Structure formats: structure tokens, C-alpha cells
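The block underneath contains the structure these notes are about, expressed in C-alpha cells.
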Amino acid sequence: MENNIQESILTDNKMNWQVEKIPALHYHPTKKHQEIKGHYFIRRKDNLKILGAVKSSYVPTQNKDTFNYILEIVKDYPNVNLQDVIIKSFNEGRKVCFMFRIEDIKIGKVISENYIYAISSHDGSSRLAFGLCNKVIGCANMFPMLLSDITATKFKHTSNVPKKIKDIDLKTHIQQYVLGCSALYKKMFYTPVNVNIINETICRMLGIDKWIAKNIHKFDEKYLHSPENRTGHFIKIKDNDYILSSFAISNIRFTSDLNNISSHRDITIDIRLAKKVKELNKHIADENFIHGTNYYGLFNGLTRYANRNMKIDRENGKLESIMLGKGNKFMRKGFELIINKIK
């Protein structure tokens with residue numbers, strides 16, 4: 001690709017800027033500014049914003065370099081289209097993400113897009129890393145997976161990055177990863193789930209007692225919004241006039257002895273947790289309707305919840321959560337939980 005085309009794409013995506021490593025200084029009462037030996041700051045050249053602190057061995061990986069690394073991987077795929085590139089920066093440029101759509105896969109009757117992506121940082125917090133992201137067409141659920149099982153595919157920001165990428169044949173690693181993930185998704189699709197599995201998954205994902213998921217129908221919207229049932233951010237869950245369940249920090253206390261329930265009149269459940277259970281249950285039901293009552297539908301329910309309910313409150317915050325934040329952590333937890341179930 002010619003440099004002017006590359007620059008045009010970076011410019012269109014507001015990513016045609018560079019960073020520089022500058023000496024770290026501290027104020028000295030007599031010498032004014034004194035250099036801190038072996039320590040540096042990473043600064044954006046366009047707006048002079050300090051992004052992070054690093055040590056002397058750190059060599060910045062410029063946006064155009066990361067762009068070229070991933071382009072070299074995807075250029076042999078026949079259907080690569082530059083219109084399908086996703087390039088974003090997170091937290092004012094401290095981290096950057098480059099994604100190229102490479103091919104589609106069909107799971108059941110639904111098409112999914114596969115993207116190869118690179119994540120890099122300009123704040124010294126993480127290495128340059130590559131992965132595969134699956135995006136289901138229609139509901140637009142995205143699930144990224146770093147090549148975490150291949151430690152050689154994470155690169156420290158040093159002068160040796162170009163050589164290391166070339167030496168390990170990153171392209172072959174990713175091609176094998178694409179095939180493996182496609183097979184795994186198909187196995188999920190052909191493995192059925194039942195209500196007990198779904199309830200257990202909800203409970204494990206949210207860290208709550210199985211009883212709450214089983215009795216999800218008791219979380220009535222009207223009741224949740226009724227002021228007289230609120231105590232701060234907490235709500236009592238009742239059946240008739242009896243308190244059936246309670247939530248206190250990470251400990252669920254439950255009694256089936258309704259005759260002695262009076263001693264638990266003040267036990268409550270966090271209203272925010274109740275809503276999370278209800279929302280996650282709905283997302284799973286919606287995805288099971290699309291994909292069938294199988295592990296693929298269950299997994300897409302988890303990714304749908306993470307994609308829609310977890311975001312960081314800043315520019316590109318939704319994608320940042322999916323790629324690097326709470327959303328990513330939630331999806332990876334669900335993915336590992338399901339893999340352990342079907343292997």
C-alpha cells in the first residue's frame with residue numbers, strides 16, 4: 001500500500017499522529033528542573049498531551065507502524081476491504097486499536113464477521129498484541145480474543161519489534177487461530193443447553209445464588225420502581241408477605257423456613273443486581289431465539305449483555321470496554337466457562 005493511501009486512512013480515522021519519548025523532569029528548588037535518570041514520558045506530538053511514563057528501553061510503536069504490521073498479515077486474504085477497517089484510540093490515545101475484516105463464517109443460519117486486530121499502547125501499560133474478533137451480523141455482538149496462549153505474539157515496545165514479528169511468522173499463527181475459533185463456535189452451536197445450565201451460567205457470571213436466577217419472574221418492573229419498597233439502593237424480594245431471599249455483599253442468605261422468616265425482615269437485595277439478572281436473562285433468551293437453545297446462543301447472550309450494558313463513559317468507551325475493559329473481562333469469563341463445559 002502506498003504511503004499516501006495509508007496516511008489518508010489514518011487521517012480519516014483521526015489517527016494520523018505520532019508520539020515521542022521525552023525526559024522525565026522534576027522540580028528542584030535550586031536547579032529548577034532536574035532530569036530523572038532512566039525515566040521518560042510518552043507525549044503526543046500533535047497536542048503535547050502526556051500519555052504515560054516509561055523507562056529507557058521503551059521504544060514507541062507509532063500508529064502507522066501498527067497499521068503496517070496488521071496490514072502485512074491480512075493482505076493475502078482475498079476479501080479484505082479497506083472500507084471495513086476499524087481504527088480507534090482510547091483514553092486520549094493511551095491505547096489504540098486497528099481491526100481488519102478478513103472473512104465471514106456461517107454458524108447455523110447466521111453470518112459472523114471475523115476481524116484480525118492489533119492493540120497497542122502509548123502509556124507503557126501493555127505490549128503490542130494481536131487477536132481475532134468475531135462480530136455477529138444483525139445483533140452486532142463483538143467478542144475479541146487475544147492470542148493469549150501464544151506468548152510470543154505479545155511484543156514489548158523495543159527496537160526489536162519489527163524483527164520479532166517477522167521471525168515468528170505471525171500470519172501463520174493467526175490463520176490457525178481463525179480455523180480453531182470457527183470450529184469451536186460450531187461445536188457450541190451443536191451442543192444444547194437447558195434451563196438449569198442457563199441459570200447456573202447467570203449465577204456464576206454475576207456471582208449470585210442460583211435461587212435468584214430460578215425465580216427471575218419475581219423481579220417485577222413495577223415493584224422495582226416502587227418507592228416504598230426501596231431502602232437506598234436495596235430492595236426486598238418477597239412472595240406474598242414473606243421475604244424469600246436476601247443479598248448482602250457477596251453472601252446470599254436464604255431460608256425456606258417461612259415460619260421463622262420474621263427474624264429476617266430487614267434483609268434486602270441490591271436493586272442493581274436484581275436488574276442485572278433480569279437484563280442478562282433477557283439477552284440470553286433473545287439470542288437463544290436467534291441461534292437456538294445451545295451454547296452458541298448462550299454465549300451470544302453473554303456477549304450481547306457485555307456489548308450493550310458495559311461501557312466506559314468517554315469517547316469510544318463502548319469499544320474500549322469490549323476490547324480492553326469490563327466488557328472484555330466479562331466475555332472472557334463466559335467464554336472460559338463454556339469451553340470447560342463442552343470440551
Side-chain angles (χ1 to χ4, degrees), residues 1-7 9-10 13 15-21 38 40 42 51-82 84-90 93-103 105 113-134 143-184 323-324 328 332 335:
M1 176 180 286
E2 296 179 2
N3 285 336
N4 61 336
I5 299 177
Q6 178 203 58
E7 289 187 7
I9 293 173
L10 290 173
N13 288 276
M15 290 284 282
N16 194 19
W17 45 266
Q18 294 184 321
V19 296
E20 58 185 348
K21 186 168 75 171
Y40 297 83
I42 298 298
L51 302 180
V54 298
K55 294 188 177 180
S56 55
S57 61
Y58 185 96
V59 176
T61 303
Q62 301 295 348
N63 293 340
K64 65 177 182 179
D65 295 327
T66 304
F67 185 94
N68 282 334
Y69 293 145
I70 195 167
L71 185 63
E72 184 66 25
I73 296 169
V74 304
K75 69 179 184 181
D76 294 334
Y77 284 89
N79 299 320
V80 170
N81 184 342
L82 293 183
D84 290 320
V85 66
I86 299 173
I87 304 176
K88 299 291 182 183
S89 69
F90 306 132
R94 288 172 175 81
K95 289 184 174 63
V96 293
C97 175
F98 298 79
M99 303 174 66
F100 277 90
R101 183 177 172 184
I102 51 170
E103 60 185 26
I105 58 173
E113 302 168 350
N114 272 338
Y115 290 80
I116 290 175
Y117 72 94
I119 293 281
S120 186
S121 71
H122 294 308
D123 61 359
S125 64
S126 58
R127 303 181 182 192
L128 170 65
F130 297 85
L132 178 70
C133 183
N134 179 262
F143 173 58
M145 291 185 293
L146 287 172
L147 305 187
S148 55
D149 55 334
I150 308 172
T151 55
T153 59
K154 293 183 178 180
F155 306 93
K156 287 184 178 180
H157 293 275
T158 67
S159 58
N160 292 327
V161 168
K163 182 179 184 302
K164 287 183 177 180
I165 289 179
K166 185 177 180 180
D167 288 347
I168 70 163
D169 192 9
L170 187 59
K171 186 184 299 185
T172 300
H173 281 308
I174 289 184
Q175 288 171 344
Q176 292 172 348
Y177 207 56
V178 170
L179 293 174
C181 288
S182 297
L184 189 56
M323 302 303 294
L324 296 164
N328 183 268
R332 287 184 64 83
F335 183 76

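Here the structure is a predicted model, which means the values were calculated and not measured.
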What pairs with [X] under side-chain contact (heavy atoms from CB on, under 4.5 Å), at least two apart in sequence or on another chain?
X: Ser126; value: Lys95, Ser121
X: Lys21; value: Tyr40, Ile42, Val54, Pro60
X: Ala129; value: Leu146, Lys154
X: Ser89; value: Met15, Trp17, Val96

Which residues share a ring pair (Phe, Tyr, Trp, His ring centres under 6.0 Å) with Phe98, sequence neighbours left out: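 Scan of Phe98 (ring pair (Phe, Tyr, Trp, His ring centres under 6.0 Å), adjacent residues dropped) gives none.
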Please tell me if the side chains of [X] and [Y] come closer than 4.5 Å, counting only heavy atoms from C-beta onward.
X: Asn114; Y: Ser182; answer: yes
X: Arg94; Y: Ser125; answer: no
X: Val19; Y: Gln62; answer: yes
X: Lys64; Y: Gln18; answer: yes
X: Phe100; Y: Tyr77; answer: no

Point-to-point distance, once rounded to the nearest 0.5 Å, from [atom1] of [X] to [atom2] of [Y]:
X: Phe143; Y: Leu132; atom1: CZ; atom2: CG; answer: 9.5 Å
X: Lys163; Y: Asp167; atom1: NZ; atom2: CG; answer: 4.0 Å
X: Phe67; Y: Asn16; atom1: CZ; atom2: CG; answer: 10.5 Å
X: Ile119; Y: Phe90; atom1: CD1; atom2: CZ; answer: 5.5 Å
X: Leu128; Y: Ile165; atom1: CG; atom2: CD1; answer: 5.0 Å
X: Ile116; Y: Glu103; atom1: CD1; atom2: CD; answer: 8.0 Å

[X] and [Y]: which non-hydrogen atoms are nearest, and at how many Å?
X: Ser120; Y: Thr61; value: OG-CB, 4.2 Å
X: Asn68; Y: Gln6; value: OD1-NE2, 2.8 Å
X: Tyr58; Y: Gly124; value: CE1-CA, 4.0 Å

Results of salt bridge (Lys or Arg N to Asp or Glu O under 4.0 Å) for Lys75 - residues two or more places apart only: Glu72
Step-by-step side chain to side chain contact (heavy atoms under 4.5 Å, CB included) determination, Asn134 to Ile105: CA-CA 9 Å; Asn134 179 262; Ile105 58 173; 4.0 Å; yes
Criterion side chain to side chain contact (heavy atoms under 4.5 Å, CB included) on Leu184 and Phe335, from CA distance to verdict: CA-CA 11 Å; Leu184 189 56; Phe335 183 76; 3.3 Å; yes
Audit row: Val161, Val59, side chain to side chain contact (heavy atoms under 4.5 Å, CB included) steps and yes/no: CA-CA 9 Å; Val161 168; Val59 176; over 6 Å; no
Criterion side chain to side chain contact (heavy atoms under 4.5 Å, CB included) on Met323 and Asn328, from CA distance to verdict: CA-CA 6 Å; Met323 302 303 294; Asn328 183 268; 5.6 Å; no
